[in-house]
Asks: 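Got a structure here, written out as structure tokens. Questions coming.
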Amino acid sequence: MLTILKSEWFKLRKSNIIGILLVGPLIGLGAGIGADIAEAAGMMNEWYMLLIYMNLPYAVLFLPLVTGVLASLVCRYEHQAGGWKQLLALPVTRGKVFAAKYVLILLLVLFIQLFYLAAIVGAGLYKGVADPFPAAIIWKSILGGWVAAFPLVAMQLWMSVWFKSFAAPFAVNVVFTLPSILAMNSEKVGPYYPWAQPFAMMYPATENGDIFFIPWEQLMTVIGGFFLLFYLGGYFYFQRKAV
Amino acid sequence: MEYIVKTENLSKHFGQEKAVSGLEMKIPKGEIYGFLGPNGAGKTTTIRMLLGLMKPTSGRIEIFQNDLKQERLNILRRVGSLVESPSYYPHLTAKENLEALRKIVGVPKQRIDEVLEIVRLTAAGDKKVKGFSLGMKQRLGIAASLLNNPELLILDEPTNGLDPSGIIEIRNLIKSLPSECGMTVLISSHLLSEIDQMATTVGIVTKGKMIFQDSIEAMRMFAQQSVLLKVSESDKAWRTLLGRGMKAGLDNGIISLPEQSDENVAETVRGLVADGFSVYRVEEERRSLEDIFLQMTREEQAG
Amino acid sequence: MMGKLLSAEFMKIKRKGIWFLTVLGPIGVVAMQMVNYGVRKDYLFGQNDDRWGYYLDNIHSFTPLAIVLGIVILTSFMSSIENETNAWKQLMALPVSKMSVYLSKFTVLSLLLLISSVLLLLFTLAFGISLDLGGEIPYDGLLKYSFYPFFAALPVLALQLWAAAVSVNQGVPITLGIVGVILTYAGYALPDWLIWKWPLLLNEWEEPIINVLLGAGTGLFLYAAGMIDFVRRDVK
């Protein structure tokens with residue numbers, strides 16, 4: 001498993017991956033620097049205010065959409081000139097190949113989240129935010145956003161294994177991501193819509209005693225449930241895929 | 001002589017790498033020109049330049065006596081081509097693939113059935129190309145190249161992926177094109193046997209340079225034979241022959257006589273027997289074209 | 001030559017889901033408002049006395065995002081059709097100029113987007129009528145909100161086509177597209193010169209026609225730049 005993962009990373013190194021990883025955090029940084037957080041002074045920790053501004057473009061659109069690009073990238077070489085045949089003719093099981101690709105994308109998303117954390121700190125320093133830095137941002141928002149991406153990554157890996165082009169999985173991704181703009185404003189639908197979860201989990205809420213910013217039940221049922229559904233869907237599709 | 005293709009000092013550099021340098025290609029009308037060279041010698045790069053897909057770093061290309069740079073479209077109207085691995089649209093059927101090209105080259109619709117018939121794909125015409133075998137895709141590529149009844153047909157490794165019977169079919173097809181359709185054909189290959197069985201003119205390229213260009217007969221001349229003699233006391237016998245002013249070589253106790261007519265061989269043997277040598281074996285050594293090809297490319301590399 | 005190329009291009013986009021997406025885009029935009037009005041019709045009716053105008057504004061809150069994302073998807077599709085088996089070399093070895101190949105791709109994309117715009121107009125009108133918004137139907141606004149975004153988005157189309165046509169790795173144009181759509185999404189707070197803001201039809205003079213004219217002009221310029229670059233390159 002680890003060897004497959006290493007070989008997957010090796011294949012990926014030369015595909016502008018660093019640039020793609022940095023794009024989102026840079027957008028966040030821009031949003032943070034441009035944000036007008038003065039109004040929050042005294043009312044709430046300015047770091048939280050900054051986070052709210054930066055999350056809007058980052059968590060609603062960028063994070064869900066970029067999972068699709070990453071998933072397509074890790075399948076790119078296999079879709080070219082019979083790469084699936086070559087890979088699957090090696091002594092590896094399909095299940096492991098699928099899992100390795102999935103784990104690799106998760107790691108990439110984690111990198112993006114960490115870069116984003118750096119962008120938050122960077123924007124805060126630039127603005128001269130004086131409030132103490134709330135450590136909860138790190139493990140709730142950053143890790144929470146990462147966990148919220150689990151089902152989305154599974155879905156996109158499924159689509160990327162299926163379709164050769166980048167455009168088709170991306171189209172599917174767009175179709176599901178755009179409605180989250182509406183869904184996240186709705187108390188009824190928002191908590192159950194997988195593509196709205198990154199925003200929900202990264203959004204700093206008041207202390208609720210839970211590990212993350214969303215209720216534990218929502219995490220387990222919505223994120224956990226859709227993760228299982230999409231992962232198994234992709235897994236079984238890949239098992240039967242003719243290469 | 002009327003040349004269909006003529007390049008002057010054609011070069012293409014990719015950064016430091018000289019993929020093609022100073023290439024002078026001349027293809028006479030009605031010939032099947034075999035463009036031969038090892039993988040990575042610059043064959044495909046040359047072909048891409050001939051089709052205007054790549055711009056030469058320097059040099060000039062004339063096709064049908066027109067400058068490619070100025071007359072590209074008029075030239076391409078009369079050229080058919082298959083470059084590298086066949087290109088196709090997997091989600092379309094074989095007929096639809098050809099139709100998408102036909103619309104552009106503007107030949108009558110029935111031409112699609114004709115070219116499918118030529119490459120024996122008629123039965124698969126309505127199937128999506130996605131499911132084709134490599135050989136079928138290759139045939140479809142050849143069919144596409146024939147669509148516009150070209151005067152010059154350029155095929156890059158045309159027998160790639162074909163099975164033996166397919167290779168023979170395509171070979172016979174290519175051989176018939178100059179006489180039946182008045183085409184001039186350029187085929188590239190890294191296999192000499194391939195070229196040997198089809199081409200009438202040969203150009204050999206290695207490391208981006210043309211090292212040989214002439215008729216296939218001229219190339220075969222290189223395959224001159226020599227006669228090998230195994231005799232008793234070979235050292236002494238060899239000296240005797242040299243003493244008579246004959247050209248002879250000695251290698252591992254075998255005497256070799258280059259370029260000998262039947263009479264000369266008979267004369268030599270008779271002389272040796274008369275001088276008391278026992279002649280054990282008289283053999284003809286035939287150097288294969290493969291050997292010559294390897295030797296040529298090796299010499300070029302060494303030099 | 002353009003006619004032949006166009007009919008070949010339309011042949012090639014069969015069975016790729018491209019037509020489906022062309023129809024899905026405007027359906028999606030209107031469907032969002034179906035949900036929106038379905039859930040809280042009374043609340044929305046209470047927001048503004050000009051119910052038609054308010055409805056059109058709501059529709060328009062998704063149109064720019066849909067059109068920018070639609071452009072990203074369609075351009076990448078158009079390019080991947082040729083990239084998949086490197087059919088560029090086969091196409092370009094035909095008696096066609098590279099310029100006309102590029103123009104034919106651009107034209108097909110523009111036509112698809114125009115069809116989407118027409119459909120958007122029809123769906124918007126149909127759902128608007130079914131909502132019983134009352135008052136005169138504002139055909140003026142309907143036309144503006146359906147077609148202005150297309151023209152204002154032409155620079156994005158030209159840029160994405162350029163990126164998609166020259167990139168072997170389609171991850172690059174798609175990532176560029178994601179950045180673009182985020183700029184559209186956050187466009188309210190961004191300066192007027194950003195081309196991704198233009199489909200929002202906002203500018204400091206509050207004259208949407210400026211975005212249309214700027215879009216057409218800049219689109220033409222970026223189209224020319226992309227085409228010149230495309231022609232200059234060796235075929236892959």
Asks: Inspect the surroundings of CZ in Phe14(B) and state if more than 12 heavy atoms from other residues, nucleotides or ligands are less than 6.0 Å away.
Replies: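 Atom CZ in Phe14(B) is crowded, with more than 12 foreign heavy atoms closer than 6.0 Å.
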Asks: If we only count heavy atoms from C-beta on, is the Thr85(C) to Tyr89(B) side-chain gap below 4.5 Å?
Replies: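 No - every pair of side-chain heavy atoms lies 4.5 Å or more apart.
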Asks: Flag the one option from Leu82(B), Leu51(B), Ile75(B), Leu92(B) with the top tally of heavy-atom pairs under 4.5 Å to chain C.
Replies: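 The residue among Leu82(B), Leu51(B), Ile75(B), Leu92(B) with the greatest pair count is Leu92(B).
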Asks: So if I take each residue of residues 176-184 of chain C and look for any heavy atom under 4.5 Å from a heavy atom in chain B, which residues do I end up with?
Replies: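 Against chain B, none of the residues of residues 176-184 of chain C fall inside the cut-off of heavy atoms under 4.5 Å.
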Asks: Using a heavy-atom cutoff of under 4.5 Å, enumerate the residues of residues 91-100 of chain C that contact chain B, numbered in order, or state 'none'.
Replies: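 Those residues of residues 91-100 of chain C which have a heavy atom under 4.5 Å from chain B are Leu91(C), Met92(C), Ala93(C), Leu94(C), Pro95(C), Val96(C), Ser97(C), Lys98(C).
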Asks: Checking the side chain of His91(B) only, and the main-chain atoms of Lys12(C) only, is there a donor and an acceptor separated by less than 3.5 Å?
Replies: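 Yes; judged by distance alone, with no hydrogens or angles, the pair exists.
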Asks: Looking only at atom types and distance, does a side-chain atom of Lys4(C) sit under 3.5 Å from a main-chain N or O of Gly106(B), one as donor and one as acceptor?
Replies: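 A pair under 3.5 Å: no.
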Asks: With sequence neighbours left out, what residues match His60(C) under ring pair (Phe, Tyr, Trp, His ring centres under 6.0 Å)?
Replies: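 With neighbours one apart ignored, the set is Tyr145(C).
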Asks: Are any non-hydrogen side-chain atoms of Glu96(B) and Arg15(C) less than 4.5 angstrom apart?
Replies: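 Contact flag for Glu96(B)/Arg15(C) side chains = yes.
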Asks: Could you look at Arg78(B) and say if it's the side chain, the backbone, both or neither that has a heavy atom under 4.5 Å from chain C?
Replies: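 Neither part; nothing is under 4.5 Å.
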Asks: Given salt bridge (Lys or Arg N to Asp or Glu O under 4.0 Å), test Lys12(B) with Asp234(C) step by step and report yes or no.
Replies: CA-CA 11 Å; Lys12(B) 177 75 184 180; Asp234(C) 283 340; 2.6 Å; yes
Asks: Does Lys89(C) offer a backbone N or O that forms a donor-acceptor pair with the side chain of Arg48(B) under 3.5 Å?
Replies: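 No; zero donor-acceptor contacts below 3.5 Å.
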Asks: Any donor and acceptor pair, going by atom type alone, linking the side chain of Lys55(B) with main-chain N or O of Arg232(C) inside 3.5 Å?
Replies: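 Side chain of Lys55(B) to backbone of Arg232(C), a donor-acceptor pair under 3.5 Å: yes, one is there.
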Asks: Among the options Ser81(B), Pro90(B), Pro86(B), pick out the one with the most heavy-atom pairs lying under 4.5 Å from chain C.
Replies: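 Ranked by contacts with chain C, first place is Pro90(B).
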Asks: If you count heavy-atom pairs within less than 4.5 Å of chain B, which of Arg233(C), Glu84(C), Lys16(C) leads?
Replies: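 Sorted descending by pairs with chain B, the first entry is Lys16(C).
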Asks: If you take all heavy atoms of Ala8(C) and Lys103(B), which pair is closest and at what distance?
Replies: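 Nearest pair, atom of Ala8(C) first, then Lys103(B): N-CD, 3.6 Å.
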Asks: Testing the 3.5 Å rule here: is there a donor-acceptor pair between the side chains of Tyr88(B) and Gln90(C)?
Replies: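 Checked: Tyr88(B)/Gln90(C) side chains show no N/O donor-acceptor pair below 3.5 Å.
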Asks: Strictly by ring pair (Phe, Tyr, Trp, His ring centres under 6.0 Å), give each pair with a member in residues 90-112 of chain C just once, sequence neighbours left out.
Replies: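 Listed once each, the pairs are Tyr102(C)-Tyr223(C), Tyr102(C)-Phe230(C), Phe106(C)-Tyr223(C).
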